[in-house]
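Read the structure below first, then the notes.
Note that the structure is a prediction, hence the values are computed from the model and not measured.
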Amino acid sequence: MPTEHRSLLITDAEVIATMDEQRRELRGASLLLRGGVIEAVWPVGERPPGITADEVINARGHAVLPGLVNTHHHMFQSLTRAVPAAQNAELFGWLKTLYPIWAGLTPEMVRISTQVAMAELLLSGCTTSSDHLYVYPNGVRLDDSIDGAHEIGMRFHAARGSMSLGESAGGLPPDSLVEREDRILADTQRLIERHHDHGRYAMLRVVAAPCSPFSVSRELMRDSAALARSLGTRLHTHLAENDRDIAYSRASFGMTPTEYADSLGWLGDDVWHAHCVKLDAAGIARFAASGTGVAHCPCSNMRLASGIAPVRRMLDAGVPVGLGVDGCASNDGAHLLGEARMAMLLARVGKSLEPLGCDTGPAEMTARDMLEVATRGGAKVLGRDDIGHLAPGMAADLALFDLRSLGFAGGAVHDPVAALLLCAPAPAAYTIVAGRVVVREGHLTTLDLGPLIERHNQLAQRLVGA
């Protein structure tokens with residue numbers, strides 16, 4: 001159930017991009033939030049007289065969006081941003097460089113890094129995020145991330161990642177970082193039974209998430225899927241991220257990544273995979289037919305030179321697609337509106353790199369297309385029907401952007417919705433989660449950022465220097 005019971009009236013917005021079934025864009029409109037839920041959305045001139053609320057926000061000059069949804073992240077990696085040895089590596093080399101550093105993670109590091117990553121997201125207008133934690137040294141538990149999320153006030157899908165296939169068994173991670181599979185499954189069950197909220201408007205859900213085909217066994221993939229489905233939760237992993245990922249799958253399993261996932265029960269409308277840069281035509285068709293989702297991570301895919309995911313073809317085929325910022329050490333930021341801008345631009349240039357004869361042009365991906373991916377698309381990928389658009393009965397998750405700021409000058413006056421992506425990405429003026437204002441006038445309200453950043457930097461130096 002919603003955790004916030006105060007009422008909030010948002011009045012006279014420059015535009016509300018509802019992303020509702022009709023994709024309405026309402027000029028001069030207002031919204032009423034009560035009990036963590038949207039109670040009403042009024043077009044200009046239709047708000048009844050005498051409406052009162054505990055707080056009123058005058059949204060003149062602001063664009064209002066549904067809260068953005070982040071479908072893939074590794075928040076602990078904010079401690080290892082811009083590490084010199086990993087700056088210019090592709091995926092496998094990047095991982096092998098950072099695995100030994102991540103072996104020094106502590107519970108405090110995970111909690112603090114989660115809050116730093118979530119603060120970045122909230123300040124960019126993101127209200128719901130998944131996080132994939134797959135390393136558990138030195139007493140680290142997923143509970144550490146969950147505690148951090150509760151304090152900062154973000155809607156959270158906590159993915160219990162895992163690695164069980166070390167180098168000695170043909171996997172990529174060092175043996176010192178892998179876990180026993182029986183312990184992984186037992187802890188995943190514990191977390192789901194203790195923390196997962198099945199209800200509408202849930203602030204916390206738990207996901208079964210073996211890390212990748214090159215770090216866990218077939219048995220763990222299959223058993224995790226069975227466990228998740230028996231407990232009514234979702235499944236998440238990495239798939240088809242780059243050419244070496246494809247080569248590993250063919251060499252190790254004699255299958256494409258899609259065929260491998262399908263053989264283990266890892267396709268379906270309760271599953272989403274991160275990246276899918278190298279998803280082929282057959283894979284796209286199979287994802288579409290099964291309702292399997294994709295977390296598209298454009299900045300990370302470019303940072304690690306993995307390639308350009310065929311997002312337009314996925315969307316045209318009916319594949320559910322959401323956005324993900326991916327790990328803080330492979331992006332190395334967490335500005336989800338900026339990620340949406342990059343995804344829009346990359347889809348356009350990616351089309352021009354396809355074989356000659358394909359239709360090309362800047363209309364390959366419009367600003368509204370990508371805003372939909374960042375809101376409704378992410379909600380669908382996470383299996384939620386209570387977030388992702390603005391309408392009565394939906395969760396009161398939204399973001400306000402001040403169109404009067406310098407970056408929108410000369411743009412918002414022509415098209416305030418498209419300007420959100422065509423102009424430089426702006427910070428959110430307000431971010432509201434479950435009816436609670438967690439960013440107000442560009443400042444986080446739930447935690448003091450100064451001491452948080454200071455402690456985070458101390459821990460980052462300790463971790464990398466250890």
Side-chain angles (χ1 to χ4, degrees), residues 69-80 91 94-95 98-99 102 105 109-111 113-118 120-121 126 128-137 140-146 148-149 154-164 172-173 177-179 184 187-188 191-192 195-196 204-216 220-221 224-225 228 233-241 245 261 266 270-277 292-297 299-301 304 306 322-332 334 336 339 378 381-383:
V69 180
N70 180 39
T71 61
H72 186 64
H73 209 335
H74 307 293
M75 294 182 180
F76 72 92
Q77 292 178 12
S78 63
L79 294 158
T80 51
L91 175 63
W94 177 85
L95 284 168
L98 292 173
Y99 280 144
W102 295 336
L105 283 170
M109 289 176 182
V110 169
R111 181 177 59 82
S113 61
T114 296
Q115 292 181 336
V116 163
M118 287 186 168
E120 280 190 275
L121 289 168
C126 178
T128 298
S129 185
S130 173
D131 183 49
H132 192 186
L133 179 62
Y134 55 81
V135 286
Y136 293 90
V140 167
R141 303 190 306 164
L142 189 61
D143 309 70
D144 303 316
S145 293
I146 291 169
M154 187 164 220
R155 204 177 294 276
F156 191 31
H157 284 233
R160 204 302 182 181
S162 57
M163 299 192 297
S164 67
L172 194 68
L177 269 186
V178 302
E179 301 175 85
I184 291 168
D187 192 50
T188 303
L191 287 159
I192 295 169
H195 294 292
H196 183 86
L204 176 62
R205 289 182 176 169
V206 178
V207 180
C211 184
S212 65
F214 50 80
S215 61
V216 301
L220 183 59
M221 291 286 285
S224 295
T233 190
R234 298 178 74 76
L235 306 165
H236 182 51
T237 191
H238 299 83
L239 200 75
E241 187 166 352
D245 196 347
W266 273 77
D270 57 353
V271 183
W272 86 101
H273 296 276
H275 300 289
C276 296
V277 174
T292 306
V294 171
H296 175 42
C297 307
C299 288
S300 177
N301 295 342
L304 299 177
S306 296
L323 277 184
V325 297
D326 199 19
C328 290
S330 67
N331 186 310
D332 294 344
L336 198 56
E339 198 78 29
V381 164
L382 295 183

* Hey, what do you get for CG (L323) to CG (L336), rounding to the nearest 0.5 Å? -> 5.5 Å
* For D187, all residues meeting salt bridge (charged side-chain N to carboxylate O under 4.0 Å, His left out), sequence neighbours excluded -> R160, R190
* **Residue pair L172, Y99: steps toward the side-chain contact (heavy atoms from CB on, under 4.5 Å) verdict** => CA-CA 10 Å; L172 194 68; Y99 280 144; 4.1 Å; yes
* Asked: Is a side-chain donor or acceptor of T233 paired with a backbone partner of V206 at a separation under 3.5 angstrom?
  -> yes
* To do: Please tell me if the side chains of L191 and H196 come closer than 4.5 Å, counting only heavy atoms from C-beta onward.
  => no
* Asked: Does the pair S162 and L220 meet the rule for a side-chain contact (heavy atoms from CB on, under 4.5 Å), with working shown?
  -> CA-CA 9 Å; S162 57; L220 183 59; 3.7 Å; yes
* To do: List in chain and number order the residues that pass side-chain contact (heavy atoms from CB on, under 4.5 Å) with A149, two or more places apart in sequence or in another chain; answer none if no residue qualifies.
  => M118, F156
* For the pair D332 (side chain) and S330 (backbone), establish whether a donor and an acceptor sit closer than 3.5 Å, ignoring hydrogens and angles. => yes
* **Reported NE2-to-CG distance for the pair H275 and L239, which is rounded to 0.5 angstrom** => 10.5 Å
* Structure fact -> Here the gap from L133 atom CG to M75 atom CE, rounded to the nearest 0.5 Å, amounts to 10.5 Å
* Structure fact -> Sorted by chain and residue number, the side-chain hydrogen bond (donor to acceptor under 3.5 Å, both in side chains) partners of N331 (sequence neighbours excluded) come out as E339
* Asked: Between L121 and M154, what is the shortest heavy-atom contact and its length?
  -> CB-CE, 3.6 Å
* N/O donor-acceptor pair under 3.5 Å between S164 side chain and E179 backbone -> no
* Note, L95 side chain near W102 side chain (heavy atom, < 4.5 Å) -> yes
* **Main-chain N/O of M221 paired with W266 side-chain donor or acceptor, under 3.5 Å** => yes
* Not counting sequence neighbours, which residues clear salt bridge (charged side-chain N to carboxylate O under 4.0 Å, His left out) with R155? List them please. => D397
* Asked: If you look at every heavy atom in C297 and H72, which pair is closest and at what distance?
  -> SG-CD2, 3.8 Å
* To do: Check whether any side-chain N or O of W94 sits under 3.5 Å from a backbone N or O of A329 as a donor-acceptor pair, and report yes or no.
  => yes
* **Closest non-hydrogen atom pair between S224 and L235, with its separation** => O-CD2, 3.7 Å
* Structure fact -> Between the CD atom in Q77 and the OG atom in S113, the distance rounded to the nearest 0.5 Å is 9.5 Å
* Asked: Donor-acceptor pair, T128 side chain versus V69 backbone, under 3.5 Å?
  -> no
* **N301 side, atom CG; E241 side, atom CD - distance, nearest 0.5 Å** => 6.5 Å
* Return the set of residues passing side-chain hydrogen bond (donor to acceptor under 3.5 Å, both in side chains) with N70 (not counting sequence neighbours), or none when no residue passes. => S129
* Structure fact -> Those residues at least two apart in sequence (or on a different chain) that pass side-chain hydrogen bond (donor to acceptor under 3.5 Å, both in side chains) with T188 are none
* Structure fact -> Tightest non-hydrogen contact, residues D326 and H74, listed as OD1-CD2, 3.2 Å
* Asked: How far apart are the closest heavy atoms of H132 and F76, and which atoms are they?
  -> O-CE2, 4.3 Å
* Kindly determine whether H73 and S130 satisfy side-chain contact (heavy atoms from CB on, under 4.5 Å), including the steps that lead there. => CA-CA 6 Å; H73 209 335; S130 173; over 6 Å; no
* Would you say V140 and M109 make side-chain contact, with heavy atoms under 4.5 Å? -> no
* What are the two closest non-hydrogen atoms of T71 and G322, and how far apart are they? -> OG1-C, 3.8 Å
* Derivation of the side-chain contact (heavy atoms from CB on, under 4.5 Å) call for W272 and V207 -> CA-CA 11 Å; W272 86 101; V207 180; 3.9 Å; yes
* Structure fact -> The reported gap from CG in L91 to CG in D245 (rounded to nearest 0.5 angstrom) is 7.0 Å
